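The structure appears right after this line, and notes come after that.
Chain letters run A, B, ... following the sequence lines, proteins first and then strands; every chain starts at 1. The figures here come from the full heavy-atom set of this structure, side chains too, leaving out hydrogens, waters and symmetry mates. Keep in mind it's a predicted model, so treat the numbers as computed, not measured.
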Protein chains: 2
Amino acid sequence: MSSINESPKSPQKATIADVAKAAGVSKTTISRYLSGDYKSISAGTLKRIEEAIAELRYRPNRMARGLRQARSYSIGMIFADISNPYSTSVLRGAEDVCTRNGYSIIVCNTDNDPVKEKNYIAMMHAHRIDGLIIHPTGHNKDILSEMADEQIPVVLIDREIPGLAFDMVGTDNYGAMSEATRFFLDQGYQRIGFFSQPIKHVSSRTERFLAFSDVLRNADHPSAKDLYEFEIRKSEQLEAQLDRFIAETDGQSRMLFAVNGITQLKLINALQKRGLSIPEDMGIAGFDDSDWAPVVGSGITTVEQPTYEIGQKAMEKVLQRLGGDDGEKERIALPGKLIVRGSTPSQLKKI
Amino acid sequence: MSSINESPKSPQKATIADVAKAAGVSKTTISRYLSGDYKSISAGTLKRIEEAIAELRYRPNRMARGLRQARSYSIGMIFADISNPYSTSVLRGAEDVCTRNGYSIIVCNTDNDPVKEKNYIAMMHAHRIDGLIIHPTGHNKDILSEMADEQIPVVLIDREIPGLAFDMVGTDNYGAMSEATRFFLDQGYQRIGFFSQPIKHVSSRTERFLAFSDVLRNADHPSAKDLYEFEIRKSEQLEAQLDRFIAETDGQSRMLFAVNGITQLKLINALQKRGLSIPEDMGIAGFDDSDWAPVVGSGITTVEQPTYEIGQKAMEKVLQRLGGDDGEKERIALPGKLIVRGSTPSQLKKI
DNA sequence: GTGGTTAGGGGAATCGATTCCTAAAAGCCG
DNA sequence: CGGCTTTTAGGAATCGATTCCCCTAACCAC
C-alpha cells in the first residue's frame, strides 16, 4: 500500500520497513537501533535512522515485538475493590515503578467476586501479561497456580493464599496491630470491639485479629474474643453487631476497632445514627489512614498502611522475577504506623 | 519444540497449530471456531475442536490476533489524578462496559503533569490502543489531535479542550452549580467564597465558577466575583486565600464553596486549624459527594457527580466510534445532584 | 447425467517486529 | 601487502493468529 500512496501525510502508520527504506538501510539495522544496540551502527547511519523515524513519526508496534519475543511488556493488576483508596495508592506505587521500566499496566476490578476474578485472570492470560499483581479474593487457587505453572510471576498484595507459594507484599499486620492494641490498653479501655468483615479466607484480617487477641489475652483483658463480624454489603449486620457490642458492654469505657477504612466509616455513621458521640460515648480507631481521618470529630486514630510502598515493592518483585530470579518466594511485610488522634483519649481518669 | 517434548503437562503454551493438529483439522478451521463462525463447521468437527482446546488448555494469543487485525482490543485510560475517588468511580463504570465487550483497559496516572501525560499518550500509541479515554491536563493538544488524525477515537472526561473537537463526557457543571448557588442564596448567606485550583485551562472548574458568578450577579449578590484560587500542592496558598476571605467578610454570615472533593477536605482542615466551627462560624459545601461527607460534623452539603455513569458513557462512546460511527462529536453532560446536609443551614433567622 | 449451488474445510500469504546466521568493508599487524 | 580480526550491516525465517482464495464432495433440479 505504501507503494501506491506515498503522500507525505498518509494516515497509514509507518512500519519498520518504511523506516528502513527511508533511511536506506535494512530492517535489521532499524531493529538494532530500537533495541538500543547503538554500538553496531555507524554515526552516519544512526543519524539517517533518527531522521527517518522523526519524519515518518514512526512508533514501534508493541504487539509485533511482543509476538516475536513472547512477552507483552504489560503487567496485570487485579484489585478486589478498586474504589478503595488502598487500591489506588498501591496502583500508583506500582505504576511508577512499572513505567520507569518500560512496562504498562492492565487493570481490573473484581468487586471481591471470585467469578469475575476468574474471568479476569483468563483475560490477562490471553493478553499474555508478563506478570500479575493481585489483591486476591482468596477463592481461585487453581487458576492462580496455573499461571505459576506457566512461569508467569504472580505477586499477591495484602493477602496470602494458604497452600500457594507466591511472593506476597503487604503490611506487617501483626506488628502494627499489636502496637495499636497495646496503645488501647494503655489508654485504659475496659472493652474493645474488633469489627471486621469475615476474617476467614482473608489473611490480613486474620492476622490483625490474631494480634489484637494475643495482646489482650496476655494482658488478661476481657475483650480478647470480642470479634464482631459482618458482611460489608449488608449494613443491617453491621448495625446488629454494633448493638450487640453496645448492649454487652453497657456502662464500661469502650471503643471500637475497625479492620479497615470502610468499616471505620460505617461504624462512625452507625454511631451518629444512634446519637453516640466520639470519643465521649465511645472511642474508635481502625486500619487505613484515610484522608478524612483528621477531620472527623477531633480526628480518628488510625493505623496507616504503607500502600504506595506496597505497590512499588510488588512491582519490583514482579520485575525481579521477570529478570530471572527464581529464588525462594518471599513474604514482604512493610511496617504500618499508628497515628493517634482524638478518637481514643485516655480513659484512666474516669476510673 | 512440541515434536521433541510431547509430555502432557508441558509448560509450553499451546498454539492454534497445536490445536489444529490435535483436532485433525487446519488452522483455518480453528480460527473460524474462535471467531464464532460455527455455521461453517460440522457438528463432529466442532466437538473435536472443543475437546482439543480443553485438553491443551489453549488460550488464543491476543497479540498475534491484534497484529494481524491491526487492533489491540484494549482501551487506554489516562487520569490526571487516579487517587481521586472521582477517577476510580469513572474507571469502574468504564471497566464494566469495556469488559462486557471483550476489551481490556490500560491505565495511567499523570498526576496532572503534562510531561507525564505526553509520555503516556506515546506509550498508549505504541500499544496500539483502539481508543483513548482521558481526563486531560489540558496541555497536550498537539499529541491528542495526532491520535485523532490516526483515527483513534479519543473521549475526554470532565474537561473539554478548547479548539479540539473530541467527544466529551462530564457533569452538567453549569446546571448543577446554578442549582446549588440558588440554594445557597435561599439559605441567606451574605458572602460565599468560591475556592478552586486555577480555573484557567480546566473547563469544568470554569463552568462551575461561571454558573456561580452568573446566579449571584443576577441576584445582585456581593459575592459574584468571590473567586479564591490556589495551587493544591501549596497549602500555604489555600490558607492565605482563606484568611483573605475571612478578613474580607468579617461579621457577615458566610460560607465556603469548594470546587471539588479535595478542596473541601483542605478547607475543612484549615477551618479546624483556625478554631472555626462548621456551620456556626462558617458554612461549607462543594462538588463531589465523598463517602465521608455524611460524617464530618453534621454532614457536608455536596454536589454529587454521576461518576460511574460518566465512565460508562465514555466507554460506550469509544466503542460506538470503533463501531464506525463518525457522526459529529458529542458533548454529553450528565446531571449532578445537590445533597443538602448540615453544613449549610439557613442564615435567615440571624438577620 | 449435467450443470449449478452449497456446506465444509484447507493452503499459504500476511501483520510488524526480532534474531540467527552470513557477509562485505575496514582496520591492524608484522 | 597478505591474512587476521573487528565493525557494520543485510537476508530470511520466525512468532501465532487471521484471511483471501481455492477446492472437494454432496446435494438438487431438470
Side-chain angles (χ1 to χ4, degrees), chain A residues 1-3 12-49 52-53 56-74 102 125-130 150, chain B residues 1-3 12-49 52-53 56-74 102 125-130 150:
Chain A
M1 50 191 69
S2 62
S3 57
Q12 273 316 327
K13 268 208 151 336
T15 73
I16 201 173
D18 300 331
V19 178
K21 202 187 299 174
V25 296
S26 77
K27 293 197 303 176
T28 309
T29 305
I30 308 298
S31 177
R32 280 199 262 261
Y33 171 82
L34 293 177
S35 60
D37 182 11
Y38 301 123
K39 68 180 183 309
S40 31
I41 307 177
S42 69
T45 308
L46 198 69
K47 184 150 169 287
R48 292 207 312 284
I49 293 177
I53 287 180
L56 296 170
R57 299 174 176 289
Y58 169 72
R59 280 205 162 282
N61 183 327
R62 278 204 189 217
M63 287 188 290
R65 153 187 287 224
L67 177 59
R68 179 65 234 242
Q69 296 189 326
R71 47 199 325 212
S72 60
Y73 294 97
S74 33
H125 224 145
H127 261 291
R128 296 298 191 275
I129 50 160
D130 297 336
E150 302 193 25
Chain B
M1 49 193 71
S2 62
S3 57
Q12 273 315 329
K13 268 208 149 335
T15 74
I16 201 173
D18 299 330
V19 178
K21 200 187 300 174
V25 297
S26 76
K27 294 197 303 177
T28 309
T29 305
I30 308 296
S31 178
R32 278 199 262 261
Y33 170 83
L34 293 176
S35 60
D37 182 11
Y38 301 124
K39 67 178 184 310
S40 29
I41 307 178
S42 70
T45 308
L46 198 68
K47 186 151 167 285
R48 292 206 312 284
I49 294 177
I53 288 181
L56 296 169
R57 300 175 176 288
Y58 170 71
R59 283 211 158 278
N61 182 326
R62 280 208 189 212
M63 287 188 291
R65 155 186 287 221
L67 177 59
R68 178 67 233 243
Q69 296 189 327
R71 46 197 328 212
S72 61
Y73 294 95
S74 36
H125 223 146
H127 261 291
R128 297 298 192 273
I129 50 159
D130 297 336
E150 301 193 27

Answer yes or no: does a side-chain N or O of [X] lie under 4.0 Å from OP1 or OP2 of [N]?
{"X": "Thr15(B)", "N": "dG16(D)", "answer": "no"}
{"X": "Tyr58(B)", "N": "dA17(D)", "answer": "yes"}
{"X": "Gln69(A)", "N": "dC15(D)", "answer": "no"}
{"X": "Ser42(A)", "N": "dT8(D)", "answer": "no"}
{"X": "Arg65(A)", "N": "dT18(C)", "answer": "yes"}
{"X": "Thr28(B)", "N": "dG10(C)", "answer": "no"}
{"X": "Thr45(B)", "N": "dG8(C)", "answer": "no"}

Distance check needed: [N] [atom2] versus [X] [atom1], whole Å only.
{"X": "Lys47(B)", "N": "dG9(C)", "atom1": "NZ", "atom2": "P", "value": "15 Å"}
{"X": "Asn61(A)", "N": "dT18(C)", "atom1": "CG", "atom2": "C1'", "value": "13 Å"}
{"X": "Arg71(B)", "N": "dT18(D)", "atom1": "CZ", "atom2": "C1'", "value": "13 Å"}
{"X": "Tyr38(A)", "N": "dT7(D)", "atom1": "OH", "atom2": "P", "value": "19 Å"}
{"X": "His127(A)", "N": "dG16(D)", "atom1": "NE2", "atom2": "P", "value": "17 Å"}
{"X": "Lys27(A)", "N": "dT14(D)", "atom1": "NZ", "atom2": "C1'", "value": "10 Å"}
{"X": "Tyr73(A)", "N": "dG16(C)", "atom1": "OH", "atom2": "P", "value": "19 Å"}
{"X": "Arg62(A)", "N": "dC15(D)", "atom1": "CZ", "atom2": "C1'", "value": "18 Å"}

Problem set entry | Ser35(B) side chain to Ser31(B) backbone, donor-acceptor under 3.5 Å |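 Here the side-chain-to-backbone pair exists.
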Exercise. Is a side-chain donor or acceptor of Arg128(B) paired with a backbone partner of Ser72(B) at a separation under 3.5 angstrom?
Worked result: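 Here the side-chain-to-backbone pair does not exist.
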Any base atoms under 4.0 Å from [X], or only sugar-phosphate, or nothing? Heavy atoms, all strands.
{"X": "Lys39(A)", "result": "sugar-phosphate"}
{"X": "Thr29(B)", "result": "sugar-phosphate"}
{"X": "Arg32(B)", "result": "base"}

Among the candidates [options], find the nucleotide nearest to the side-chain atoms of [X].
{"X": "Ser26(A)", "options": "dG16(D), dG16(C), dG11(D)", "answer": "dG11(D)"}
{"X": "Leu67(A)", "options": "dC15(D), dT18(D), dG10(D)", "answer": "dC15(D)"}
{"X": "Ser31(B)", "options": "dT8(D), dT19(D), dC15(D)", "answer": "dT19(D)"}

Exercise. Given Asp18(B) and Tyr58(B), is the side chain to side chain contact (heavy atoms under 4.5 Å, CB included) satisfied, shown in steps?
Worked result: CA-CA 9 Å; Asp18(B) 299 330; Tyr58(B) 170 71; over 6 Å; no
Problem set entry | Trace of the side chain to side chain contact (heavy atoms under 4.5 Å, CB included) decision for Asn61(A) with Thr15(A) | CA-CA 8 Å; Asn61(A) 183 327; Thr15(A) 73; over 6 Å; no
Exercise. Is the base of dG16(D) touched by the side chain of Arg59(B) through a donor-acceptor pair closer than 3.5 angstrom?
Worked result: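 When only heavy-atom distances are counted, Arg59(B) does not reach the base of dG16(D) through any donor-acceptor pair under 3.5 Å.
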Problem set entry | Candidate list Arg59(A), Lys13(A), Arg57(A), test salt bridge (Lys or Arg N to Asp or Glu O under 4.0 Å), partner Glu150(B), passing option |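 Checked Arg59(A), Lys13(A), Arg57(A) against Glu150(B); only one passes salt bridge (Lys or Arg N to Asp or Glu O under 4.0 Å): Lys13(A).
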For this session: Go through the steps for Ile53(B) and Tyr33(B) under the test side chain to side chain contact (heavy atoms under 4.5 Å, CB included), then give the verdict.
Result: CA-CA 11 Å; Ile53(B) 288 181; Tyr33(B) 170 83; 3.4 Å; yes
For this session: Take Ile41(B) and Arg128(B), find for each the nucleotide of DNA chain C with the closest heavy atom, and name the residue whose nucleotide sits nearer the 5' end.
Result: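 The 5'-side residue here is Ile41(B).
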